[in-house]
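The structure appears below as structure tokens.
Atom set for the values below is all heavy atoms of this structure, side chains included, hydrogens, waters and symmetry mates excluded. This one's a predicted model, so the numbers in the text were calculated from it and none came from an experiment.
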Amino acid sequence: MAVPDIEQLFVHNRSWAAQMERERPGFFTGLMAQQKPKYMWVGCSDSRVPANQITGLEPGEVFVHRNVANVVVPTDLNCLSTIQYAVDQLRVEHLMVVGHYGCGGVLAALQDVRVGLADNWIRHVKDVRDRHRELIAATPQAWRHDVLCELNAIEQVMNVAQTTVMLDAWASGQNVTLHAWCYGLKDGLIKNLNLEVSGTEGLDALYQAAVAGIAGTRRE
């Protein structure tokens with residue numbers, strides 16, 4: 001008798017747990033004892049973009065929040081609460097906003113495609129599109145989707161930088177750096193978008209340099 005698809009997940013889980021315990025005795029006991037990640041990953045909900053596997057980190061080493069098109073806005077208390085917990089309680093040292101090439105939410109924003117209720121959420125990405133309309137228009141058609149994915153990651157880092165969570169953390173002298181990255185589905189590689197923010201000083205200059213870097217990138 002065939003095992004239903006959903007039941008296969010339990011089969012895989014038991015197999016994985018048994019293998020982990022054989023190969024690394026005490027692994028799960030260690031996870032229960034503490035959670036001290038250095039990293040937080042704010043990424044897209046896309047099932048092809050798993051934070052731990054991409055970065056080669058173990059369970060417990062990266063704190064993760066995901067939503068459609070990796071958006072951070074001041075009205076999303078879910079996202080902000082997760083960031084607050086990571087920064088204030090877990091004391092993460094690095095927070096990465098990670099977009100990914102081929103993002104469906106970004107493509108919908110770029111092409112004004114209606115997808116349903118999520119249109120209201122994707123409006124935030126359309127704001128990024130509109131803010132950089134000239135840069136996108138100057139980009140060859142084949143690369144506009146990639147460019148908007150990169151710009152969106154940069155803009156979301158700027159949004160994180162202006163949250164009360166980060167402002168308070170930096171004001172107290174806490175060492176937390178924000179990063180803008182973009183992940184490639186076709187090759188599995190993360191691209192550093194050259195925006196690293198460790199405080200409010202020089203924030204606009206860092207932002208302008210990162211955007212200029214995207215505008216000046218040679219794409220083939």
Side-chain angles (χ1 to χ4, degrees), residues 38-46 48-57 62-73 79 83 86-87 92-107 109-110 122 124-140 142-163 166 170 176-220:
K38 291 183 180 180
Y39 311 101
M40 180 175 183
W41 172 291
V42 177
C44 183
S45 297
D46 193 302
R48 300 167 296 176
V49 191
N52 285 79
Q53 288 93 325
I54 288 170
T55 54
L57 295 175
V62 58
F63 200 63
V64 178
H65 176 85
R66 297 168 69 172
N67 61 49
V68 174
N70 45 273
V71 168
V72 179
V73 290
C79 181
I83 292 173
V87 173
V92 297
E93 298 175 12
H94 300 275
L95 188 158
M96 303 86 72
V97 176
V98 188
H100 71 95
Y101 301 112
C103 179
V106 172
L107 183 62
L110 179 66
I122 292 170
H124 298 298
V125 185
K126 290 184 178 181
D127 290 342
V128 176
R129 176 203 64 189
D130 295 345
R131 186 173 301 118
H132 298 282
R133 188 177 298 278
E134 292 183 4
L135 193 164
I136 293 170
T139 301
W143 298 107
R144 289 178 183 176
H145 189 190
D146 285 2
V147 164
L148 185 53
C149 289
E150 294 174 358
L151 290 170
N152 185 51
I154 285 174
E155 291 291 344
Q156 304 315 319
V157 164
M158 295 300 293
N159 288 344
V160 176
Q162 296 172 74
T163 62
M166 295 310 309
W170 287 328
V176 188
T177 303
L178 310 180
H179 307 264
W181 295 352
C182 208
Y183 171 70
L185 294 174
K186 65 182 180 181
D187 57 16
L189 299 178
I190 297 171
K191 180 179 180 179
N192 185 349
L193 301 178
N194 297 313
L195 178 62
E196 297 186 355
V197 181
S198 300
T200 56
E201 185 175 352
L203 188 57
D204 186 61
L206 291 171
Y207 168 74
Q208 296 296 341
V211 172
I214 290 177
T217 297
R218 182 177 179 179
R219 303 177 189 272
E220 299 178 349

E201 atom CD: more than 12 heavy-atom contacts under 6.0 Å
no
For [X] and [Y], which heavy atoms make the closest approach, and how far apart are they?
X: H124; Y: V73; answer: ND1-CG1, 3.5 Å
X: A109; Y: R129; answer: O-NH1, 2.7 Å
X: S45; Y: R66; answer: O-NH2, 3.4 Å
X: L195; Y: Y207; answer: CD1-N, 4.1 Å
X: Y39; Y: M96; answer: CB-CE, 4.0 Å
X: A180; Y: N192; answer: O-OD1, 3.8 Å

With a 3.5 Å distance limit and no angle check, can you tell me whether [X] reaches the backbone of [Y] through a side-chain donor-acceptor pair?
X: R219; Y: W143; result: no
X: N194; Y: A210; result: no
X: R131; Y: E155; result: no
X: W170; Y: V176; result: yes

Can you check side-chain contact (heavy atoms from CB on, under 4.5 Å) on R144 and L148, steps first, answer last?
CA-CA 6 Å; R144 289 178 183 176; L148 185 53; over 6 Å; no
Less than 4.5 Å apart, side chain to side chain, heavy atoms only: is that true for [X] and [Y]?
X: L178; Y: V97; result: no
X: L110; Y: I136; result: yes
X: L206; Y: E196; result: no
X: L193; Y: C182; result: yes
X: I54; Y: W41; result: yes
X: V147; Y: I214; result: yes
X: K186; Y: Y101; result: no
X: T217; Y: K191; result: yes

Indicate whether any N or O donor in one side chain lies under 3.5 Å from an N or O acceptor in the other, for N159 and Q156.
yes
To the nearest 0.5 Å, how far apart are [atom1] in [X] and [atom2] in [Y]?
X: L203; Y: Q208; atom1: CG; atom2: CD; result: 10.0 Å
X: E93; Y: M40; atom1: CD; atom2: CE; result: 15.0 Å
X: I83; Y: M166; atom1: CD1; atom2: CE; result: 8.5 Å
X: R48; Y: C103; atom1: CZ; atom2: SG; result: 8.5 Å
X: F63; Y: L57; atom1: CZ; atom2: CG; result: 14.5 Å
X: N67; Y: D46; atom1: CG; atom2: CG; result: 12.0 Å

Between V160 and V42, is a side-chain contact (heavy atoms from CB on, under 4.5 Å) present by the stated rule, with each step listed?
CA-CA 10 Å; V160 176; V42 177; 5.7 Å; no
